[in-house]
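Worksheet: the structure to be examined is printed underneath.
A quick note: this is a predicted structure, and the numbers were derived from the prediction, not measured. Computed from heavy atoms alone, side chains included, the values below leave out hydrogens, waters and symmetry copies. In what follows, chains are A, B, ... by sequence order, proteins preceding strands, each numbered from 1.
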Protein chains: 2
Amino acid sequence: MSIRYALLGLLAKQPQTGYDLFHTFKTQQIYYWSSTHSQVYKELGKMEEEHLTTHDIVYQEGSPNKKVYTITPDGERHLIEWMIHTKSKPAKIKDEFLIKTSAFHVISKEEAISLLHRMKAHNEMVVTGTGQWKEQTFQGKKPGYEQVGEYLTAEYGIRYAQMYVDWCDWAIKEIQSLPENTES
Amino acid sequence: MSIRYALLGLLAKQPQTGYDLFHTFKTQQIYYWSSTHSQVYKELGKMEEEHLTTHDIVYQEGSPNKKVYTITPDGERHLIEWMIHTKSKPAKIKDEFLIKTSAFHVISKEEAISLLHRMKAHNEMVVTGTGQWKEQTFQGKKPGYEQVGEYLTAEYGIRYAQMYVDWCDWAIKEIQSLPENTES
DNA sequence: CATCCCATGTAAAAAGTTACATGATTTG
DNA sequence: CAAATCATGTAACTTTTTACATGGGATG
């Protein structure tokens with residue numbers, strides 16, 4: 001029921017195909033939602049039944065034909081209603097790394113630190129990657145109001161990853177300063 | 001397949017009931033995983049079949065009897081194997097608020113700012129709440145290695161919420177400095 | 001006297017993932 | 001010539017959520 005709004009939000013920016021939408025989830029700066037192509041196509045079908053979207057078929061030579069979906073006025077009303085009058089559910093996070101962190105006591109300090117180093121490196125890449133995307137897209141300028149969403153969420157992504165990097169650094173130091181348990 | 005490790009991680013700290021485990025997910029400083037009681041009970045049943053856990057029944061007067069689950073040596077081996085040799089999948093985040101953010105262009109600046117203020121207030125409460133829990137639990141002292149998990153993840157929770165607060169502040173200022181779109 | 005806490009479970013529905021299926025064109 | 005990209009979909013399966021079900025004791 002909620003991938004729906006993610007799709008409507010993206011379609012409110014511009015008409016797109018299911019393929020485009022899936023790739024936005026997969027590759028773009030959308031670390032705050034995830035999905036698979038099968039789910040995207042399914043939901044697009046449902047939304048069309050409910051008149052929240054329509055599609056036009058674009059015939060292409062060389063590439064397969066595609067269905068470009070457009071949000072309807074009904075769809076946009078639906079989206080705005082949700083945005084303003086529906087209280088956001090708390091974010092659902094499933095972070096395997098933090099589960100591992102919470103069980104660090106069952107492995108050695110060295111192994112824990114090694115895991116943290118890897119995680120730090122990964123998040124450093126995210127900071128760099130998202131930073132580059134933001135720079136390329138906005139070139140140091142402030143966006144127009146139509147692009148404010150991407151602008152704000154890109155910055156969020158950078159801050160989130162940077163927070164993770166800093167926390168990894170801190171955690172490594174903390175662990176190093178602790179005496180290891182001799183029992184167990 | 002992954003709630004399993006969250007449960008094993010918690011059971012590796014101390015034997016607990018399904019009820020306890022669910023409440024840890026629901027209320028405790030575990031913003032990095034979420035679940036429901038029905039899923040917890042089901043998974044505990046499965047894990048027992050696979051000899052990763054066992055349970056003892058504690059008979060109580062007044063309250064219902066309870067099943068206290070304990071991780072087995074097999075279960076602990078399973079957990080450690082996963083922690084060290086299984087690469088963590090990237091965190092899956094489903095944050096409705098960021099979907100709303102990404103679609104801010106369909107609502108007014110005032111409404112967007114109002115949503116950000118509410119989100120900021122919520123995260124300020126999280127910072128305070130988690131900070132108090134950490135203070136109560138560790139009282140400014142460093143934990144022993146058996147408690148390192150809670151210590152590190154509590155700090156993570158505080159930093160995460162603080163990052164959200166700071167980002168909200170930044171986003172509010174950014175939006176105020178942008179000219180609103182007159183079209184659409 | 002209503003609601004919350006303790007405590008455990010099942011059943012049904014919804015959401016999400018993985019695998020199956022197809023097929024031309026482009027890139028290395 | 002193998003792999004990746006474009007492009008869409010279905011089927012089977014797994015995971016997750018919501019609702020149903022029960023019931024005593026404590027709290028306001």
Q) Rounded to the Å, how far apart are H55(B) NE2 and dA7(C) P? A) 15 Å
Q.
Which residues pass the ring pair (Phe, Tyr, Trp, His ring centres under 6.0 Å) test with Y160(A), not counting sequence neighbours?
A. Y160(B)
Q. For Y19(B), what residues pass the ring pair (Phe, Tyr, Trp, His ring centres under 6.0 Å) criterion, not counting sequence neighbours?
A. H23(B)
Q) Over how many whole Å does the gap from Y59(B) atom OH to dT8(C) atom P extend? A) 13 Å
Q: Grab the CD-P distance between E96(B) and dT17(D) for me, whole Å please.
A: 12 Å
Q. For dC6(D), does either OP1 or OP2 sit under 4.0 Å from a side-chain N or O belonging to Q60(A)?
A. no
Q) DNA chain C: K92(B) or V68(B), which has the more 5' nearest nucleotide? A) V68(B)
(Q) Taking 4.0 Å as the cut-off, does a side-chain nitrogen or oxygen of Y41(A) come that near to OP1 or OP2 on dG9(D)? (A) no
Q. Other than V68(A), which residues form its hydrophobic cluster under the rule that side-chain heavy atoms must be closer than 4.5 Å?
A. V58(A)
**Q.** Between dC6(D) (P) and K26(A) (NZ): distance, integer Å
**A.** 9 Å
**Q.** Residues forming a side-chain hydrogen bond (donor to acceptor under 3.5 Å, both in side chains) with T17(A), sequence neighbours excluded
**A.** D20(A)
Q: Would you indicate, yes or no, if dT8(D) has its OP1 or OP2 atom less than 4.0 angstrom from a side-chain nitrogen or oxygen of T17(A)?
A: yes
Q.
Hydrogens and angles aside, do S2(B) and K94(A) bring a side-chain donor and acceptor to less than 3.5 Å of each other?
A. no
Q.
Connecting only ILVMFWY residues whose side-chain heavy atoms lie within less than 4.5 Å of each other, what is the rest of M125(B)'s hydrophobic cluster?
A. none
Q. Between dA7(C), dT17(D), dG16(C), which nucleotide gets closest to the side-chain atoms of K42(B)?
A. dT17(D)
Q: Give K67(B) one of three labels, base, sugar-phosphate or nothing, depending on what nucleic acid heavy atoms sit under 4.0 Å from its own.
A: sugar-phosphate
**Q.** Contacts of type salt bridge (charged side-chain N to carboxylate O under 4.0 Å, His left out), residue E50(B), not counting sequence neighbours
**A.** R4(B)
Q) Is it the case that one hydrophobic cluster holds both V126(B) and F97(B), taking links as side-chain heavy atoms less than 4.5 Å apart, direct or via other members? A) no
**Q.** Contact under 4.0 Å: Y19(A) side-chain N or O vs dC6(D) OP1/OP2
**A.** yes
Pick out the pairs of N or O atoms, protein on one side and nucleotides 18-28 of chain C on the other, that lie under 3.5 Å.
| unit_1 | atom_1 | unit_2 | atom_2 | d |
| --- | --- | --- | --- | --- |
| dT18(C) | O4 | S38(A) | OG | 2.7 |

Q) Taking atom OH of Y32(A) and atom NZ of K100(B), what is their separation to the nearest 0.5 Å? A) 13.5 Å
(Q) Side-chain N or O of K94(A) versus OP1/OP2 of dT15(D): is the shortest distance under 4.0 Å? (A) no
Q: Report the distance from atom CG of L7(B) to atom C1' of dT16(D), rounded to the nearest whole Å.
A: 14 Å
Q: Give the rounded distance in Å between these two atoms: CG of L44(B) and P of dA7(C).
A: 15 Å
Q. Among all residues two or more places apart in sequence or in another chain, which pass the side-chain hydrogen bond (donor to acceptor under 3.5 Å, both in side chains) test with H55(B)?
A. E48(B)
Q. Could you give the CG-to-C1' distance, from D20(A) to dT8(D), as a whole number of Å?
A. 12 Å
(Q) Quick check on the helix from dC1(C)-dG28(D) to dG28(C)-dC1(D): what's the angle between its two end axes, five base pairs per end, to the nearest 10°? (A) 50°
Q: Return the value, rounded to whole Å, for the distance between atom CG of L21(B) and atom C1' of dG9(C).
A: 15 Å
